[in-house]
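Every number for a ligand or one of its atoms is a count from 1 in the order of the listing.
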Amino acid sequence: MKRIAVYPGTFDPVTQGHLDLVERGRKRFDRLVMAILSNEEKQPMFALEERVGFLREATAHWPDVEVATFDGLLVDYARRIGASVILRGLRAVSDFEYELQMAMMNRRLAPEVETVFLMPSEAYSYVSSRLVREVARLGGSLEGLVPANVARALATRRSEGR
Ligand code: PNS
């Protein structure tokens with residue numbers, strides 16, 4: 001049986017930290033599905049289609065990695081695609097409480113789906129989509145922290161004053 005993992009998130013936008021996690025995760029599963037939550041309450045900076053595009057480009061060289069969108073409960077989506085694992089990244093202790101709550105709730109909803117945490121390289125331990133958006137908005141360099149397509153899109157946004 002194929003081991004399928006789902007790596008869910010907002011990915012607004014994808015960072016090298018996310019991609020570092022994919023690289024680690026894909027070696028441990030037969031298929032890794034990056035699943036972008038589509039019914040965002042918080043107003044994302046990038047539209048769902050743009051985020052899908054960034055992820056597809058950034059993961060195109062990994063044949064075992066797919067990019068998809070989902071809405072509703074994550075565990076329902078995981079069951080639908082036959083994923084037995086939810087993959088999440090843990091950067092620092094500050095991530096832990098939120099992640100623990102989600103993992104426990106998801107376990108209660110779907111005990112057969114296990115949440116697995118991986119830690120990204122320490123080089124990305126402070127990188128978040130939120131900080132990336134902020135630094136980009138204020139004109140700072142994001143060299144090495146986001147893929148090239150995201151860096152270009154952020155620069156365009158800034159030049160348009162958005
Ligand atoms: O990148 P994020 O914003 O930390 O990802 C959060 C995400 C998408 C994993 C989480 O909000 C989620 O799974 N939402 C789907 C709705 C759901 O299943 N909620 C109950 C889980 S505790």
Side-chain angles (χ1 to χ4, degrees), residues 3-26 28-29 31-59 62 65-137 142 144-147 149-151 153-154 157:
R3 288 163 310 157
I4 302 171
V6 58
Y7 177 17
T10 309
F11 303 112
D12 184 37
V14 61
T15 68
Q16 292 297 355
H18 294 128
L19 296 173
D20 180 273
L21 211 77
V22 172
E23 190 154 24
R24 290 169 200 282
R26 62 180 282 270
R28 281 148 188 94
F29 304 100
R31 214 175 115 209
L32 186 62
V33 180
M34 296 188 80
I36 312 176
L37 179 65
S38 69
N39 64 347
E40 260 317 308
E41 281 163 23
K42 41 189 171 178
Q43 294 282 308
M45 180 177 197
F46 292 103
L48 185 64
E49 303 70 45
E50 288 177 285
R51 284 179 277 150
V52 168
F54 295 150
L55 280 187
R56 291 228 163 105
E57 259 184 77
T59 61
W62 289 317
V65 177
E66 282 167 46
V67 177
T69 63
F70 77 104
D71 55 18
L73 280 179
L74 172 61
V75 289
D76 288 344
Y77 177 72
R79 280 174 169 154
R80 234 176 9 255
I81 64 167
S84 56
V85 165
I86 294 170
L87 179 67
R88 292 284 290 176
L90 268 186
R91 289 164 300 194
V93 176
S94 50
D95 285 339
F96 184 74
E97 202 166 320
Y98 169 61
E99 294 298 333
L100 179 73
Q101 284 180 358
M102 281 206 298
M104 292 300 114
M105 183 60 82
N106 285 331
R107 176 178 284 172
R108 185 188 160 93
L109 294 168
E112 79 283 11
V113 179
E114 201 66 62
T115 301
V116 170
F117 294 103
L118 291 178
M119 281 164 285
S121 160
E122 63 272 24
Y124 305 121
S125 60
Y126 61 93
V127 180
S128 68
S129 297
R130 185 182 61 79
L131 280 187
V132 159
R133 292 194 302 269
E134 183 171 319
V135 170
R137 189 166 49 79
L142 290 165
L145 300 185
V146 292
N149 56 1
V150 171
L154 287 166
R157 288 290 177 112

* Asked: Should one rank L109, T115, T10, L37 by closest heavy-atom distance to atom 11 (O) of ligand 1, which comes out on top?
  -> L37
* Asked: Hey, which of V14, L55, T59 is the one that makes side-chain contact (heavy atoms from CB on, under 4.5 Å) with P147?
  -> V14
* Test applied, side-chain contact (heavy atoms from CB on, under 4.5 Å); reference residue, E66; option that passes from V6, I4, V33 -> V33
* Could you tell me whether N106 approaches ligand 1 through its side chain, its backbone, both or neither, with non-hydrogen atoms closer than 4.0 Å? => side chain
* Asked: Which of the atoms of ligand 1 are close to G72, meaning less than 4.0 Å from one of its heavy atoms?
  -> 15 (C), 16 (C)
* Does the side chain of Y77 reach to within under 4.5 Å of the side chain of T69, using non-hydrogen atoms? -> no
* Return a yes/no value for R88: is any of its N or O atoms, backbone included, closer than 3.5 angstrom to an N or O of ligand 1? => yes
* Numbering as shown, the atoms of ligand 1 that approach L74 to under 4.0 Å (heavy-atom distance) -> 13 (O), 17 (C), 18 (O)
* Asked: Distance-only, no hydrogens or angles: does the R130 side chain make a donor-acceptor pair with backbone N or O of D12 under 3.5 Å?
  -> no
* Sub-4.0 Å heavy-atom contact, Y98 with ligand 1 -> yes
* **Residues forming a side-chain hydrogen bond (donor to acceptor under 3.5 Å, both in side chains) with R3, sequence neighbours excluded** => none
* Asked: N149 side chain to F54 main-chain N or O, any donor-acceptor pair under 3.5 Å?
  -> yes
* **Nearest neighbour of atom 19 (N) of ligand 1 from the list V6, L73, I86, on a heavy-atom basis** => L73
